[in-house]
Structures are given as C-alpha cells and as structure tokens.
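See structure below.
Here is the naming used below: chain letters follow the sequence lines, and residue numbers restart at 1 for every chain.
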There are 2 protein chains.
Amino acid sequence: MGNKKRITIKDIANELNISPAAVSKAMHNDSRISEKTKQAVKRVAKELDYQPNHLASALRKGKSNLVGVIVPKTNSNFFSSVIESMETVLNKAGYSIIITQSNESFEKECKSIDTLLFTQVDGIIASMANETVDLSHYEKIKSKGIPLVLFDRGENDLNVDYVGINDYDSSQIIVKHLVEKGCKRIAHIGGFRRTRIFNNRIKGYVDALIKHNLPIDDSLIIESSLTLEDGRREMEHLLKLENRPDAVYVASDYAALGALQVLNENNINVPDSVRLIGFGNEPFTSLVSPSITSVAQHSTEIGRIAAETFLKHVSNDVLKQSLNKIILDAELIVRDSSN
Amino acid sequence: MGNKKRITIKDIANELNISPAAVSKAMHNDSRISEKTKQAVKRVAKELDYQPNHLASALRKGKSNLVGVIVPKTNSNFFSSVIESMETVLNKAGYSIIITQSNESFEKECKSIDTLLFTQVDGIIASMANETVDLSHYEKIKSKGIPLVLFDRGENDLNVDYVGINDYDSSQIIVKHLVEKGCKRIAHIGGFRRTRIFNNRIKGYVDALIKHNLPIDDSLIIESSLTLEDGRREMEHLLKLENRPDAVYVASDYAALGALQVLNENNINVPDSVRLIGFGNEPFTSLVSPSITSVAQHSTEIGRIAAETFLKHVSNDVLKQSLNKIILDAELIVRDSSN
DNA sequence: TATATTTGCTTAATCGATTAAGCAAATATA
DNA sequence: TATATTTGCTTAATCGATTAAGCAAATATA
C-alpha cells in the first residue's frame with residue numbers, strides 16, 4: 001500500500017524537460033551544466049523527495065561504497081568501540097559499513113566473508129576468530145583484488161595490512177610491573193600460540209622472565225580460548241599446584257574475571273596473596289572488586305587507522321601498495337588487583 | 001594488480017555457446033532448461049569461479065536482500081545476542097544484515113536510517129536511541145513502504161510491528177519479590193518516561209506499590225539515561241535522603257552496577273541494608289559481588305521473532321498486514337543482591 | 001497424417017544511474 | 001568577417017542479471 005512509486009532521475013528529467021543525463025550531471029555538480037539547471041534539478045529533486053538508487057550507481061560505477069567489517073563478537077567494548085571509530089572515518093568518506101560477527105567460529109567467519117563478497121563490498125576490515133587456522137578464505141579476498149585490512153587478531157603469513165598493538169612489549173611491561181611488586185612466580189593464562197597476538201604475548205612474557213632472572217616453569221604457562229569459563233578452570237588448576245604462583249597474567253579480561261571469581265571464592269587475597277592482570281581494559285575491569293589491572297588497547301585509534309588504511313588502498317589503487325603494518329604501543333592501567 | 005576481470009554470466013554463456021539468459025535460468029533451476037545445460041552451466045560456473053553480481057540482480061529485481069538493523073549500542077550482551085539470533089534467521093532466508101549503532105544519539109540514528117535507505121535495504125529492524133523523541137525519521141521509512149520492525153525500545157504512536165518483553169509485569173514481579181523480602185521503601189531509578197518501555201516500568205512499579213499498600217514517594221522515583229554514571233549519581237542522591245530506601249530497583253544493569261559501586265564504597269551491606277535489582281541480565285550481573293538480581297529479556301527469542309516478523313512482511317506484501325505486537329514474559333533471575 | 005502441446009532455448013527490453021561521444025548555439029579570438 | 005573555443009546540453013551505450021515474449025524443433029494427441 002504505502003509503497004509509492006520510486007522517484008528516479010527520469011521523473012526529474014520529465015518535470016524539467018531535460019535529459020536524465022543532464023539531471024545526473026547536475027546532481028554531481030558537473031561543470032558543464034549551467035547554474036540555473038543545477039538549481040532547478042535540485043529543487044525538483046527535493047520537491048519529489050528523490051533518493052538516488054544506490055544499486056544502480058554502484059552497478060554502473062563498479063563500486064558499492066560498502067565496507068565489510070568482521071569481528072569475533074560485538075559485545076565487547078573493544079570491538080564495539082573500534083567499529084564506532086571506523087564508522088566515523090568511513091562515513092565521512094562516503095562509505096557505509098556492514099558488520100558481521102563470526103562468534104569465534106571458523107565456519108561462521110567463512111560464511112561472513114562469502115556474504116560480504118556477495119554483497120559486493122569495496123573492502124573488508126577484519127579481526128580473526130579464535131578458531132581460525134586455515135587462511136584460504138582470506139586468500140580468496142586477496143585473489144579477488146578486494147582490499148583487506150586486519151586489526152587486533154591478524155596473521156603474518158597473510159601479508160596484508162595490519163593494525164594492532166605491541167603485544168610483545170605489553171607482556172614485558174606487565175612482567176616488569178609484577179616483578180617490581182615483588183612477584184617471583186608469575187603464571188600466564190594465554191591464548192593459543194597459533195594466533196599471532198597470543199603467541200607474541202607468550203614470547204614477551206617468557207623473554208621478560210628471562211630478563212628478570214626468573215625461571216621458566218612450563219606448568220605456569222597455559223593456552224586456552226580465554227573465555228570467562230576458561231579463566232575459572234585454569235585458575236582452579238593453578239591453585240591445585242604444589243607451588244602456587246604469586247601472580248597471574250591473563251591475556252583477556254574475561255578470563256581474568258573468571259580467575260578473579262575463583263580467587264575470591266577461595267578467599268585468596270588479591271593482590272596480597274596473588275596479583276592479577278588482565279588484557280583489553282574492558283569497562284568491567286574497573287567495576288569489580290578488586291578492580292583489575294589491565295592493558296588499554298587504544299580501540300579508537302585502531303579503528304581510525306584501520307579505516308584510513310582501507311581508504312588509502314582505494315584512493316591509489318593503481319600503485320602497487322606498500323604493506324602497512326601499524327603497531328601501536330599499549331598502556332598498562334594499574335588497578336587494585338596488582339597494586 | 002591481483003584485480004582479475006570479474007566473471008559474468010556472459011563469460012559462461014560464451015564458453016558454452018548459449019545465451020546469457022539461458023545461463024541465468026540454468027543457475028536458478030528454471031524448469032524450461034534441460035538438465036544437460038544446467039549441469040554444464042554449473043560446471044563452468046565453478047571452473048571460472050563465478051560469483052553473481054549482487055548489485056545487478058538486486059537492481060533488476062528491485063530487492064537488495066539486505067536488512068538494516070539499528071541498535072543503540074552493540075557492546076551490550078542483550079543487543080549483541082539479539083543481532084546474532086536475527087542473523088541466523090535472516091541468513092537462512094537469504095538475507096544479510098547491515099548493523100549500525102546509534103550510540104543513543106538522535107542525530108546518529110537519523111543518519112543511520114538515511115544510510116540504510118540509501119543502501120536500498122529491504123527492511124529495517126530497530127531499537128530506538130535514548131535521545132529519540134521526534135519520530136519523523138521513522139515515519140519516513142513507513143512512507144517509503146519499507147517494512148519496519150521495532151524491538152525492545154519501541155514506540156506505540158508509530159503503529160508498527162513490535163517485539164519486546166512485558167515491562168509492566170516485570171516491574172510488578174520485582175516489587176512483589178522485594179516486598180516478600182520485607183522491603184518497605186522501594187526506590188526506582190528508571191529511564192525517561194518518554195520512552196515507552198521505561199514509562200511502562202515506572203507504571204508497573206507504581207501500581208505494584210499501590211497493590212501492596214505501600215506509599216508512593218516521588219523522591220524515590222528518578223528518571224535518567226541509565227548509564228553507569230547515572231546509577232552512581234542517583235544512588236548517591238538516594239543515600240543523602242533523610243529517609244533512605246531499603247531497596248532500589250534500577251531499570252538497567254549498567255546503572256544498577258553504578259549504584260552497587262556506591263553502596264559498596266559506603267560500606268552499606270547489600271542485600272541486608274539495601275536490596276538491589278537491575279534489568280537486562282547482562283553477564284556481569286552474575287560476576288560482581290554481590291551478584292545482582294536482574295530481569296532476563298529473552299534476547300534470542302526477541303531476535304528470532306523480530307526477524308520472522310520482517311520475513312512475514314516481505315512474503316505477503318500484497319495483503320494489508322495486520323499489526324504484530326509481540327510481548328514476551330520476562331523472567332526474574334534472583335541473585336545475592338536481593339536475596 | 002494434421003494439429004496441438006511441450007521443450008529448450010534466443011531475443012530484446014528492463015532495472016536506474018553514469019559517462020563517452022557528439023552536436024548546436026553562444027561566445028571568443030584572429 | 002571567418003574560424004576556434006566554450007557552454008550546455010542530448011544521444012546512446014553501459015554496468016550484469018533477469019524476464020516477458022517468442023520461435024523452432026521435438027513430441028504428443030486426435
């Protein structure tokens with residue numbers, strides 16, 4: 001019912017007795033169209049409430065002005081704020097974004113990519129799912145010549161643009177902080193080594209222990225998916241060790257929260273008996289008791305830079321692009337759980 | 001460089017010496033195309049790695065198979081899980097979704113709608129921003145004949161399909177629970193009355209007080225944006241009252257968390273001195289101490305039903321649609337903060 | 001055997017916007 | 001005054017896929 005006939009440039013053309021081509025040019029301020037005609041076109045367009053058909057222009061121009069964004073989950077403050085920042089930059093440049101969540105599933109990630117390619121996005125900005133090991137679906141994007149920018153969870157082998165923080169250094173800063181607080185047995189509940197960022201955090205942690213002349217104890221290094229439940233389970237596991245750690249560095253705030261719950265439930269004083277540090281600076285880290293020391297990841301910056309990197313790609317697509325790997329310094333936000 | 005020429009149905013047609021029309025029909029299993037041709041077309045399509053140009057078919061069919069979703073913020077578990085559930089249903093029906101966040105801003109919400117209309121979405125599923133009072137931008141969607149479904153934060157005046165929970169009843173259940181625990185002075189930190197769901201929560205609260213023969217005290221009814229900071233501020237305000245409340249029902253978990261922080265900081269025992277109840281059942285409610293009693297909103301159900309409602313719309317668009325208002329019963333999840 | 005129907009395609013138009021090519025009128029330059 | 005340039009448009013093709021209309025060959029029916 002309410003489905004009124006769409007207004008097209010043809011309607012405007014008829015109204016003014018000019019050609020549709022002239023209307024199109026007038027709308028785009030072509031210098032070869034007179035001011036008088038331009039104003040008339042714009043007036044009529046407004047009167048008729050003309051909305052350009054994006055599909056038609058996208059088809060003709062071979063450009064959809066859509067950017068696909070793939071994140072593992074939107075319900076973390078980090079990703080939500082990265083997206084917000086990307087959107088600001090991309091909207092300004094005339095792009096809209098399509099957000100999809102992989103839910104940390106490899107299969108869902110592949111589907112997301114298919115959907116985005118099918119929708120003819122002009123580029124994809126992605127952060128990889130935890131499960132992802134096989135990278136062939138990302139190769140597919142590259143082979144189609146569609147700009148791909150990874151952020152946070154990226155992969156070196158892919159040889160694509162990347163924006164993230166310095167995970168190795170972050171671990172070094174964390175260990176240094178804990179050592180200064182007098183900790184001698186620092187455990188690490190990390191992610192899987194197959195994911196580059198988690199591997200880097202583990203390497204940074206190990207190298208920092210060596211630097212501070214602390215022994216490397218394999219029983220204190222744990223790999224997991226870093227969910228809250230993983231944090232609980234691994235913390236319980238650590239508490240059962242003969243020689244308990246006096247500090248735990250967890251590579252995700254969610255897992256750190258799980259660990260904190262277990263510590264609280266066992267009446268183990270944090271930070272006096274065990275110091276705890278998370279990663280990601282999710283808002284809840286400052287809300288729980290004790291508040292959790294964590295690493296701020298500059299989400300706004302990451303979003304902005306990832307978007308700008310994409311824009312660079314499309315602006316001079318003729319040039320063979322030089323690879324952009326942008327690594328930002330992270331910042332340790334010290335709170336009660338380690339102080 | 002890697003930008004290979006796109007494969008079109010024309011390429012497949014040339015390869016097989018048939019017309020592009022035949023290829024198109026073969027791909028869609030048209031009964032008038034022979035099995036032999038169909039198989040040949042599909043084989044060549046695979047060989048050439050053909051990907052249909054979605055823009056072209058969308059333009060021709062006047063249907064983009066995209067659904068726009070507008071949420072105030074993605075970084076809440078409620079919205080993220082609603083979206084996930086919608087996506088599942090819509091993907092199955094051949095639709096992709098475009099997510100945009102309004103960040104609770106009226107201006108951003110208008111922009112989101114413009115972007116979605118410009119992208120030629122086939123429908124919009126939205127939850128309104130806190131700031132939104134003027135509804136003309138939603139009228140615009142309706143006037144274009146594009147299906148609109150609201151969820152959670154909707155508006156009666158708009159006369160569109162809606163999916164949400166029973167806010168009035170939720171308040172009744174909450175008050176009943178608190179009364180049973182012996183509370184006599186129950187405060188309510190609510191949202192703004194202009195938003196229907198918050199108005200209903202206030203009405204439910206007031207009517208429940210009357211039902212249990214408790215006096216209505218206007219100083220115990222507060223309207224705010226329900227951010228964490230609002231929760232803190234309003235709790236501090238309540239603590240300064242001569243006659244303090246013995247229970248606080250907060251219409252959002254975030255604000256409830258703020259309130260809890262203030263109570264903890266002031267060494268006021270929760271639940272013994274003040275009982276606290278939130279709304280939304282965000283994961284952190286079970287993570288803080290004491291854990292916060294809250295209302296589960298059936299996010300998965302809401303997402304599924306909203307998506308199905310949209311699908312109903314597009315399936316029989318000829319029929320004058322009857323309005324669907326679906327109100328689900330909410331569930332009180334009792335935790336330490338009120339028990 | 002003659003006509004009707006079905007099968008398997010092709011032809012051509014279409015969805016709206018864009019753009020290369022071109023043309024006539026107006027204006028500038030020699 | 002004769003030619004060159006600029007201005008302001010129009011014409012027609014195009015982006016790919018879809019679909020109504022139609023046609024010839026194959027098959028079915030009378």
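No donor-acceptor contact under 3.5 angstrom links the side chains of A:Lys73 and B:Asn77, judged on distance only. A side-chain donor from one of B:Asp134 and B:Ser136 sits under 3.5 Å from a side-chain acceptor of the other.
With rounding to whole Å, A:Asn14 atom CG is found 12 Å from D:dT10 atom P. Separating the CG atom of B:Asn29 from the P atom of C:dC9 is a distance of 14 Å, rounded to the nearest angstrom. Rounded to a whole Å, the NZ atom of B:Lys63 is 22 Å from the P atom of D:dG16. Here C:dA25 presents its P atom at 16 Å from CZ of A:Arg32, a figure rounded to the nearest Å. Summarising the geometry, the separation between CG on B:Leu16 and P on C:dG8 is reported as 16 Å, rounded to the nearest angstrom. A:Leu55 has its CG atom 12 Å from the C1' atom of D:dG16, to the nearest Å. When rounded to the nearest whole Å, the span between CD of B:Glu35 and P of C:dT6 equals 20 Å. Taking atom CG of A:Asp30 as the reference point, atom C1' of C:dT18 lies 11 Å away to the nearest angstrom.
The closest donor-acceptor contact from the side chain of B:Thr119 to the backbone of B:Thr115 lies under 3.5 Å.
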### Task
With pairs defined as Watson-Crick or G-U wobble and both distances under 3.5 angstrom, please note down DNA chain C as a dot-bracket string, | for pairing with another strand.
||||||||||||||||||||||||||||||
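The side chain of A:Ser19 contributes no N or O atom lying less than 4.0 Å from OP1 or OP2 of D:dT11.
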Listing time: all N or O pairs from protein to nucleotides 12-15 of chain D that are below 3.5 Å?
{"unit_1": "D:dT14", "atom_1": "O2", "unit_2": "A:Arg60", "atom_2": "NH1", "d": "2.8"}
{"unit_1": "D:dC15", "atom_1": "O2", "unit_2": "A:Arg60", "atom_2": "N", "d": "3.4"}

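Ionic pairing of A:Lys108 and B:Glu87 is present here: one or more N-O contacts between side-chain nitrogen and carboxylate oxygen are shorter than 4.0 angstrom. The pair B:Arg43-B:Glu15 fails the salt-bridge criterion, with no side-chain N (NZ, NE, NH1 or NH2) lying under 4.0 Å from an Asp/Glu carboxylate O.
Note on B:Ile18: only backbone sugar-phosphate atoms sit closer than 4.0 angstrom, heavy atoms only; bases stay farther off.
In this pair, B:Phe310 and B:Tyr95 present their aromatic rings perpendicular. The plane angle is above 60°, beyond the 30 to 60° band. Ring geometry for A:Phe78 against A:Phe151 counts as tilted: the plane angle lies between 30° and 60°, on a 0 to 90° scale.
Separation of atoms CG (B:Asp161) and CD1 (B:Ile326) is listed at 7.0 Å; rounding is to 0.5 Å. To the nearest 0.5 angstrom, A:Leu55 atom CG is 8.0 Å from B:Leu66 atom CG.
Of the two residues near DNA chain C, A:Ser24 and B:Thr37, the one whose nearest nucleotide lies more 5' is B:Thr37.
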